[in-house]
Every structure is written in structure tokens, then in C-alpha cells.
Amino acid sequence: MPLLAIESTCDETAAAVIDRRRQVLSSVVASQDELHARWRGVVPEVASRAHVERIIPVVDEAVRRSGISRTSIAAVAVAVRPGLVGSLLVGLAAAKGIAAALDVPIVGYDHIAAHLYACRLEFGQRLQYPCVGLVASGGHTSLFHLRGPLQLERLGGTIDDAAGEAFDKAASLLGLGYPGGPLIERAAEGGNPRAYRLPRPLVADRERLDLSFSGLKTALRYLVRPPGAPADVPVPEGQRLADLAASFQQAVVDSILAKVELALRVTGCQTLAIGGGVAANSALRGALEQLGERKRIAVWIPPRHLCTDNAAMGALAWERLERGDNDGLELDVLPGTDRSAARRGDARPSVSP
Ligand code: KG4
Ligand code: ZN
């Protein structure tokens, strides 16, 4: 009997039905991109309200497409951390209601661990642990040492903006719209990635596994509108736009690549798993594949639709269900990031649930 997974951590409302063999019977994602585009970023209150409207239709559609009856659902899984608190609560409330009505177990799962579990969906048991995990998304850019699907030790990551956030802000500076990643990727086609010298902060630091993207964004802003230039300076077009987009994208890729290499060296791992929306980026995928060939390590990259937010990756919850876990109706959301947990001195293990 399959599980129903629900995902509402940020601005996608998603549900999926996955059987015990990790076969995805259905996966439905309702994007809110058009609602947030005019603000060029996710507005938490708008996101929560949209989740409320969409969650039940999305779950119904996932069950319908899976071809199973509602009463065949063995358990309900829900992403409970990290994310926007209002968004998370909508998914949790729906999950609790369904679990209570069907009288089945409910288990929470970590959205970041689930991004990496997308590799398991695509490559099955061939994904070997321990491995290094890279999650690069709109809210997170972190490196992990994974000893298993649920055992993540955070090695480092961004100290300011997430990579996806940097893409979104760069797209806004270049007048491209939201979400920025795919638009920058398209604008960069035909551009020269070496046309502009942009900073790669912390790359030279061979001790720390930290990354930083805020200086890169500022450097791009000054290229687009030099200090002292009038506020109405026209947005770049044509070859200049392509060169700026390509140079920005290359700086992000180089920064990530340097730290992935360092993480592989520090841990001695022979396998790299990646996930998150930025993992859909062709330049990053290509660079990591080349790294794999150069270093003779296995690089697991999910297909693009499993990189951006979805509920199929909630298959991770099977790992908890198979060991008999059931969080019950006490389950709560944990919106904070690993970084904020570390700042609070939170003793909670980095991933559980
Ligand atoms: O994983 P995700 O869907 O949501 C979060 O958990 O944050 O990631 C969304 C982020 C956005 O910032 C978006 O601009 C970025 O992933 N993204 C990309 C690409 N597709 C999505 N960034 C670069 N290149 C892409 N092709
Ligand atoms: Zn995500």
C-alpha cells in the first residue's frame, strides 16, 4: 500500500503517491510562480493563502492520478522543516486531517534530506552511502556528509544568500522576472562567461566549506548601474545581457564547484548527490558531471522535475515508516534552517525527522 506525501514548505503546493518500492504512482505540483512574480520573490502571506486554496485539490488530483483508492493509503508523510512557517502549517494541517480520517500513521520529513533523496528515486539502490550531498535551492545552499538517507551532517554552506536567491536577485537586476534561475540560464545562452570579472568569495579559502553570494549580487548591481549613474539607466539587452547572465552564472557555478571538491576531499567520499532547484541548472549539472569524470567519482543528479520542489521526494518518509516511526497528531513544524538551529545551539540532530 502506498504513502501519500504532502509538500508545502515554500511556494509550491505538491502531493505525490509513492509505493514501498519507491515507485512514484503520481506527483502533482501546483506552482505559485505567477502569484509572486510581481514581487520578484516569495511573499510568505500570499504563499500561505494560496496553499490553503490548493492543498485539497492537489491531494485529490494526486490520488486520482495514482489510480488507487483513498482507503488504500498506508500512511501520510509531510515536509515539516525547514520552510516558511505559514506554508508548512497548511501542509501539516491537511496531512493530520487525512491521517486522522483514514486512521493511518503520519510521519514528518526534512525537506532538505528529501531533495537529496530525489537521487534515490532516480537511481535506486545504486546510490551509495556515505556520500557528499549538495542542496542548492531558493532557501538553502548547503553541503552535507550523508551516512544514510536520514543521517545528514552539515559540513558548511552559504553564510548569506542561497544560490537560488542569488539567481532570483540577479534576474531582477537584469530585468528578467521571477523565478530567476531558468531565466538567467536562458539569457546566458550565447553569452561569454568570462566577459565580466565577478567575485567568487571564499573560493580561495581551502579550510572552510562556506560559500557567499551576496558580494556577487552587489558586483552585478554595480555593473548594471555603476555608482552615481541615474536610477533610470536602461536594463541590459542583447549581447551585453547574455554576457552578464553568463558571467554571473559561471561565478555561481565556480563557487559551488570549489566547495564541492573540498567537501569530497575532506570526507574522502567517492559519491556526490545533488538536489534543489538550482540543480536544474545546465551549467552546474555539466560542471559537476565533468568533476565526476575528472575525479572518477559517481555524481548523482536527479532529472530537472525532481530538483525543483515536489512531493515525490517525500518517498524519504518510507525510510522512517520502515523502521516503525509514527509521529502521531503531536507532529509540529520546525521552520528554522540548519544554520539558525546551529546559532541557537540547538542540540537536535541535523535531520530527524
Ligand atoms: O528547490 P526549489 O524549487 O525551492 C526551494 O526549496 O527553495 O528552488 C527554487 C530555486 C529558485 O531560486 C529558482 O530560481 C532556482 O531554484 N532555479 C534555478 C533553476 N531552476 C530553478 N536556478 C538556476 N538555474 C535553473 N535552471
Ligand atoms: Zn526545496
Side-chain angles (χ1 to χ4, degrees), residues 5-14 16 27 29-33 36-37 39-44 47 51 78-84 87-88 91 109-119 133-142 144 157-158 161-174 176-189 191 193 213 216-217 245-246 248-257 274-288 301-314 316 335 337-338 351:
I6 293 177
E7 152 72 46
S8 67
T9 54
C10 188
D11 64 339
E12 323 283 351
T13 318
S27 177
V29 181
S31 162
Q32 301 179 9
D33 286 349
H36 302 285
W39 311 105
R40 295 179 184 161
V42 178
V43 182
H51 284 308
V78 57
V80 288
R81 66 171 293 213
L84 301 170
S87 293
L88 288 166
Y109 66 87
D110 183 284
H111 176 79
I112 301 296
H115 266 307
L116 293 170
Y117 202 71
C119 294
L134 162 73
V135 177
S137 70
H140 305 271
T141 300
S142 300
F144 296 95
T158 183
D161 295 348
E165 200 179 346
F167 269 104
D168 293 338
K169 287 176 178 167
S172 170
L173 286 170
L174 295 173
L176 292 174
Y178 175 84
L183 297 169
I184 295 260
E185 179 170 347
R186 206 171 314 138
E189 282 165 19
F213 295 109
L216 172 60
K217 175 191 67 194
F248 173 84
Q249 181 172 262
Q250 191 63 46
V252 176
V253 169
D254 288 350
S255 301
I256 292 177
L257 207 69
I274 76 166
V278 181
N281 183 273
S282 303
L284 181 63
R285 297 165 81 91
L288 292 171
I301 307 179
R304 286 180 175 78
H305 70 278
L306 290 176
C307 289
T308 45
D309 284 352
N310 66 86
M313 63 193 195
L316 173 66
T337 61
D338 280 328
V351 170

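We count ligands from 1, going down the list as the structure has it; atoms in each ligand are counted the same way. Values below: every heavy atom of this structure, side chains too, minus hydrogens, waters and symmetry copies.
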Distance-only, no hydrogens or angles: does the [X] side chain make a donor-acceptor pair with backbone N or O of [Y] under 3.5 Å?
X: His115; Y: Ile274; value: no
X: Asp168; Y: Pro179; value: no
X: Glu7; Y: Glu12; value: no
X: Ser8; Y: Gly91; value: yes

pair [X]-[Y]: side-chain heavy atoms closer than 4.5 Å:
X: Thr141; Y: Val278; result: no
X: Asp309; Y: Val29; result: no
X: Ile112; Y: Pro82; result: yes

Testing the basics here: between [X] and [Y], what is the closest heavy-atom pair and its distance to 0.1 Å?
X: Ala171; Y: Ile184; result: N-CD1, 3.6 Å
X: Val253; Y: Ala287; result: CG1-CB, 3.6 Å
X: Tyr178; Y: Arg40; result: CD1-C, 3.8 Å
X: Ala162; Y: Gly138; result: CB-O, 3.5 Å
X: His51; Y: Ser87; result: CD2-OG, 3.3 Å

At a 4.0 Å cut-off, with the gap strictly under it, does some heavy atom of [X] reach an atom of ligand 1?
X: Gln249; value: no
X: Glu12; value: no
X: Ala280; value: yes

Nearest protein heavy-atom contact for [atom]: which residue, which atom, what distance?
atom: atom 22 (N) of ligand 1; result: Gly181 CA, 3.2 Å
atom: atom 26 (N) of ligand 1; result: Glu185 OE1, 2.7 Å
atom: atom 4 (O) of ligand 1; result: Asp309 OD2, 3.0 Å

Next item on the list: May I ask you to identify, for His115, whether its side chain, its backbone, both or neither come under 4.0 Å of ligand 1 on a heavy-atom basis?
Entry: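 The part of His115 near ligand 1 is the side chain, not the backbone.
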Please confirm whether [X] comes within less than 3.5 Å of ligand 1 when only nitrogen or oxygen atoms on both sides are compared.
X: Asn281; answer: yes
X: Gly277; answer: yes
X: Gly276; answer: no
X: Phe167; answer: no
X: Thr308; answer: no

Next item on the list: Give the single entry among Ala283, Gly180, Gly138 that approaches atom 9 (C) of ligand 1 most closely by any heavy atom.
Entry: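 Heavy atom nearest to atom 9 (C) of ligand 1 belongs to Gly138.
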Checklist line | Pick from Ile184, Asp168, Asp33: the one approaching atom 13 (C) of ligand 1 most closely through a non-hydrogen atom | finding: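 That would be Asp168.
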Next item on the list: Taking the Zn ion (ligand 2) as the reference point, name the nearest N/O/S atom of Asp309.
Entry: OD1
Proximal ligand 1 atoms for [X], defined as those under 4.0 Å from one of its heavy atoms:
X: Ser137; result: 1 (O), 5 (C), 6 (O), 7 (O), 8 (O)
X: His111; result: 6 (O)
X: Gly164; result: 12 (O)
X: Gly139; result: 7 (O)

Note to self: Rounded to the nearest 10°, what angle sits at the Zn ion (ligand 2) between NE2 of His115 and NE2 of His111?
What the structure shows: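 An angle of 90° at the metal.
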